[in-house]
Amino acid sequence: MRSHTASQIVLQSVGERVTLAGWVDRRRHHGGVAFVDLRDHTGVVQVVMEPQRFEESVLLRREYCIQVHGVIRRRPEGAENPAMSSGMVEMDVEELTILSPSEELPFPIEDRTDAEELLRLEYRYLDLRRPRMARNLAARSLALRTVRRTLEDMAFWEVETPTLIRSTPEGARDLLVPSRHNPGAFYALPQSPQIYKQLLMVAGVDRYYQMCRCYRDEDFRADRQLEFTQIDLEGAFWDQDDVLAAVEKVVMAVASVLRPDQEIPVPLPRLTYGEAMARYGTDKPDVRFGMQIQDLSDVFAGTGFRAFANILGSGGVVRGINAGQIQMSRARADALIAKARQWGAGGLVWMVVRPQAPPRSPVAKFLSQVELDSLVERMGGTPGDVLLLVADREKTAAQTLGRLRLDLGTPDDPDSLEFLWVVDFPMFEEKDGEITFLHHPFTSPTDVEQMVSRPLESVARSYDLVLNGVELGSGSVRIHDPDTQRRVFEIMGIPEEEAEERFGWFIKALRYGAPPHAGFAVGFDRLVAVLRGVSSIREIIPFPKTQTGAEPLSSSPAAVDREQLAELGIAVAPRRARAKPSG
RNA sequence: GGGGGCGUAGAACAGUCUGGAGUGUUCGCUGGCCUGUCAAGCCAGAGGUCGCGGGUUCAAAUCCCGUCGUCCCCGCCA
C-alpha cells in the first residue's frame, strides 16, 4: 500500500518514485493546481496535483483516506516551508486512489483547537488522530517498552495475577463481578495485586513486576480513573534501599526517553514524612518553588497577643509562609482568610513587610517590636513581601499553609522535573477517633514493640515517590512474619476470627518460610501525564471514562438483559426513575 | 455526600447581569472564481428544539424551580 512514511520523505528523497498513504489533513485548491497535506502517523507531506488530470482530486475532503503515487521533487524557489520537516520537497502526484471517504467532521482535527471533551470522547478515534494525542499514545507506548526493557534487564520476571479476586472491604470501594456458578457471590476486580505479589515472593519469585490494570470505585479527578495502570514490582530479600534504587532506575529510564531535555540527578532527594509536613504542609510537596513553611512558635513563646498565646498554651503552633511580592488588597486578604477557614484553620494573619517600619497588618499593634523583628527575619521578609501566619493545631496549621503555598506559588521553571522520595510515614493515624492505616495493612513497622505500645508514634517502612507535587506511587517493606501481621490486625481493631476469615489464607502462607520482601507500585498514567506535561491522565488513556464512569463512545455502562441477570441470580432493586438523558 | 464552572448553528465562542423578532464573531460546510499555496485568497449561500421539563410574564437564550450531562475542587481514594 505504501513504500514510505511521511517522515521518510526528506531532501535526499528527491527523484524517488514513492507511494504514500494517509489522510487529507488540508487541501488548498487553486483551480489549476491543488495542494494536499497528506498526514500519516509520522508526519505530513505536501502532495501536488493538477486537478484537470485527476477528476477525483476535486472530491477530496478533509480526512479522506487516500493513497498517492508519484515522484518526490524539490519545491520551487521561494515555495519551501521551513516549518515542515518535509518542507523542502513535495510529491508530484501521478496516481491518486481514494481508499475511504470521510463524512463532515464533528470537530476539526488539529492541535490548536480543543473541542469539548465529551465530544472528543464520543469520537475518540478522531481525537486520537490529532498529532498531540498521537504523540501521547506514542509516548505511552515508549514508556511501557522502556519499563519492560529496564526491568527485564534487571532480571525481573513479568508475572500476571488474577483480575477476578476476593473482595476486601478495606480501602477503596471494589468493583464487583457476579459469579454464575455461585449466585449471590461476587469476585472483585483488584485495587492492586498486593496480596498476590507477596504470595509470589513466598513462592520463590525473586523479582516480580507487572504492568497491571487496577480498579478503584471512588470519585474521579483529573488524576484518577475507575481503572488505571500501575508498574507493580516486588523483590525478595529486599530492604527499602533496594526498592528505591530499582524504582529510581525504572522511572529515570522512562524520564530520560520521554524528556531527554531534562537532567535529573540521582539518587533522588529524600524527605521524611515529618519534614515534608513541616516544610510543605503535605506529603507530596511540589519543590519546584520555595516558599517553605517556617515554624514561629518560639518567636511568640511569650507573646501578649491573646490569640497566639492561647493556641501555643494548648499545644498548638504558629507557622507562616512568605508569599512574596503579591498585591494585598482588602478583597485579597478576605479571600485568603476565607480559604484558610474553609481548609479548617481558625483564621489567618497577614502582614506586608515595609522598609524602616513595622509590617502593615491588622494585628501588628498586638505584637511587640522584638516579635515583629524576629518574625520578619525568620521569614526572610524584604519590603513588599506578604507574610501569612496560621496559629492552630500542628496538623491544621501545616495543611492550611501547605494549601496556601500551592495556591500562591508558581514553579520557578514549570518544565522542570522535581522528583523526591517521602519516607518514614507513620504506621497509623487517628481519624474520627479510630486508628486507620496510612498505607495498607501489610506494611512493616520499623519497631514492632513500639507499634504495639504506642501505635500512633509508630513509623512504617513505607515510602512515596513524588514528582512536581504529584504522588506517583508508593511502596513499603512488607510484613513477612505471621505474628506481626496478626498484631497489626489487632491494633486495627479487627477481631481475630474476622482476620482469620478474611486474611487467614494469606497469613498461612507467611508460615512457610516467607522471605523478607519489599516493593512498590508506580501510577503509570500519572507518570506519563506529568512527563508529557498534561494536566489530566485522560489525555494519556486512549479510551477514558467521564467523571460519572461513563464511556461516551460505546455508552457503557449499560443495562443488560433480564435473562443475563436471572442467570446470575441478581435482582435489581427499584430506584428512583432515571430520566432519559437529553441534550 | 458537598461547593463551583459550563451547556446557544457541524466546531470554538459572544449575547444571559438589566426579558423585547434566533442577533453576532471566527472556523468548518455547499456552490463559484483562482497555477505556488501551506490556518491559501476572493465572491455567494445554506445551516438554530439557545441541553431537557415546568413556572412567572403581553413577551424568556435571558428571571424562578426542577432535571440531565460535562469539567474542576472538597470529602472519599487501606
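What's counted below: heavy atoms across the whole structure, side chains too, no hydrogens, waters or symmetry copies. Chain letters run A, B, ... following the sequence lines, proteins first, then strands; residues in each count from 1. None of the values given here were measured: they were computed from a predicted structure.
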- Side chains of A:F520 and A:L465 in contact at under 4.5 Å (non-hydrogen atoms): yes
- Task: Please tell me if the side chains of A:D114 and A:R132 come closer than 4.5 Å, counting only heavy atoms from C-beta onward.
- Result: yes
- Item | A:Q46 side chain, from C-beta outward: closest of B:rC38, B:rG31, B:rG75 | B:rC38
- Which of B:rC76, B:rU30, B:rC29 is nearest the side chain of A:E104? It is B:rC29
At less than 3.5 Å, do the side-chain atoms of [X] and the base atoms of [N] form a donor-acceptor pair?
X	N	value
A:R221	B:rG75	yes
A:E50	B:rU35	no
A:R224	B:rC76	yes

For the pair made of [atom1] in [X] and [atom2] in [N], what is the distance, rounded to whole Å?
X	N	atom1	atom2	value
A:R216	B:rC77	CZ	P	11 Å
A:F35	B:rU37	CZ	C1'	4 Å
A:Q547	B:rG4	CD	C1'	12 Å
A:E63	B:rC29	CD	P	11 Å
A:D464	B:rC77	CG	P	15 Å
A:F437	B:rC77	CZ	P	14 Å
A:R120	B:rG69	CZ	C1'	17 Å
A:E116	B:rC71	CD	P	9 Å

Polar atom pairs (N or O), protein with nucleotides 39-42 of chain B, under 3.5 Å:
from	atom 1	to	atom 2	distance (Å)
B:rA39	O3'	A:R26	NE	3.2
B:rA39	N1	A:R112	NH1	2.7
B:rA39	N3	A:R112	NH1	2.5
B:rA39	N3	A:R112	NH2	2.5
B:rA40	OP1	A:R26	NE	3.4
B:rA40	OP2	A:R26	NE	3.1
B:rA40	OP2	A:R28	NH1	3.4
B:rA40	N6	A:H29	O	2.8

- Within residues 72-80 of chain A, find the residues that approach RNA chain B with a heavy atom at under 4.0 Å, and present them sorted by residue number. A:R73, A:R75, A:P76, A:A79, A:E80
Between [M] and [N] - [atom1] atom distance, rounded Å:
N	M	atom1	value
B:rA44	B:rC58	C1'	40 Å
B:rG31	B:rG69	P	40 Å
B:rA9	B:rU67	C1'	25 Å
B:rG51	B:rG45	C1'	29 Å
B:rG10	B:rU37	C1'	26 Å
B:rA14	B:rC76	C1'	38 Å
B:rG22	B:rA59	C1'	15 Å
B:rC33	B:rU26	C1'	23 Å

Any strand counts, and the cut-off is 3.5 Å on both contacts for Watson-Crick or G-U wobble. Which nucleotide pairs with [N]?
N	value
B:rC50	none
B:rU57	none
B:rG19	none
B:rC42	B:rG32
B:rG24	B:rC13

Would you say that more than 12 heavy atoms from the other residues, nucleotides or ligands in this model lie under 6.0 Å from the [atom1] of [X], or not?
X	atom1	answer
A:E496	CD	no
A:R393	CZ	no
A:Y187	OH	no

- Message: Which residue in the set A:Q547, A:Q225, A:E117 passes side-chain hydrogen bond (donor to acceptor under 3.5 Å, both in side chains) when paired with A:R538?
- Response: A:E117
By the 4.0 Å heavy-atom rule, please label [X] as base, sugar-phosphate, or nothing.
X	answer
A:M492	nothing
A:A550	sugar-phosphate
A:T548	sugar-phosphate
A:D114	sugar-phosphate
A:P108	sugar-phosphate
A:A83	nothing

- Message: For A:L119 and A:T436, find the nucleotide of RNA chain B closest to each by heavy atoms; which residue's nucleotide sits nearer the 5' end?
- Response: A:L119
- Item | Residue mapping more 5' on RNA chain B - nearest nucleotide basis, A:G549 or A:L105 | A:L105
- Can you label the angle between the A:H440 ring and the A:F442 ring as parallel, tilted or perpendicular, going by 30° and 60°? tilted
- Aromatic contact, A:Y463 with A:F425 (centres under 6.0 Å): no
- Message: If you compare every side-chain N and O of A:Q191 against the phosphate oxygens of B:rC77 (OP1, OP2), does one of them come in below 4.0 Å?
- Response: no
- Query: Does the side chain of A:T546 get closer than 4.0 angstrom to OP1 or OP2 of B:rG69 through an N or O atom?
  - Reply: no
- Charged tip of A:R166 within 45° of A:F503 ring normal and under 6.0 Å: no
Cut-off 3.5 Å, side chains only: do [X] and [Y] have a donor facing an acceptor?
X	Y	value
A:Q230	A:S192	no
A:D286	A:Y280	no
A:T229	A:R213	yes

- Message: As a quick check of understanding, evaluate side chain to side chain donor-acceptor pair (under 3.5 Å) for A:Y273 and A:D464, giving each step before the final call.
- Response: CA-CA 9 Å; A:Y273 173 85; A:D464 278 9; over 6 Å; no
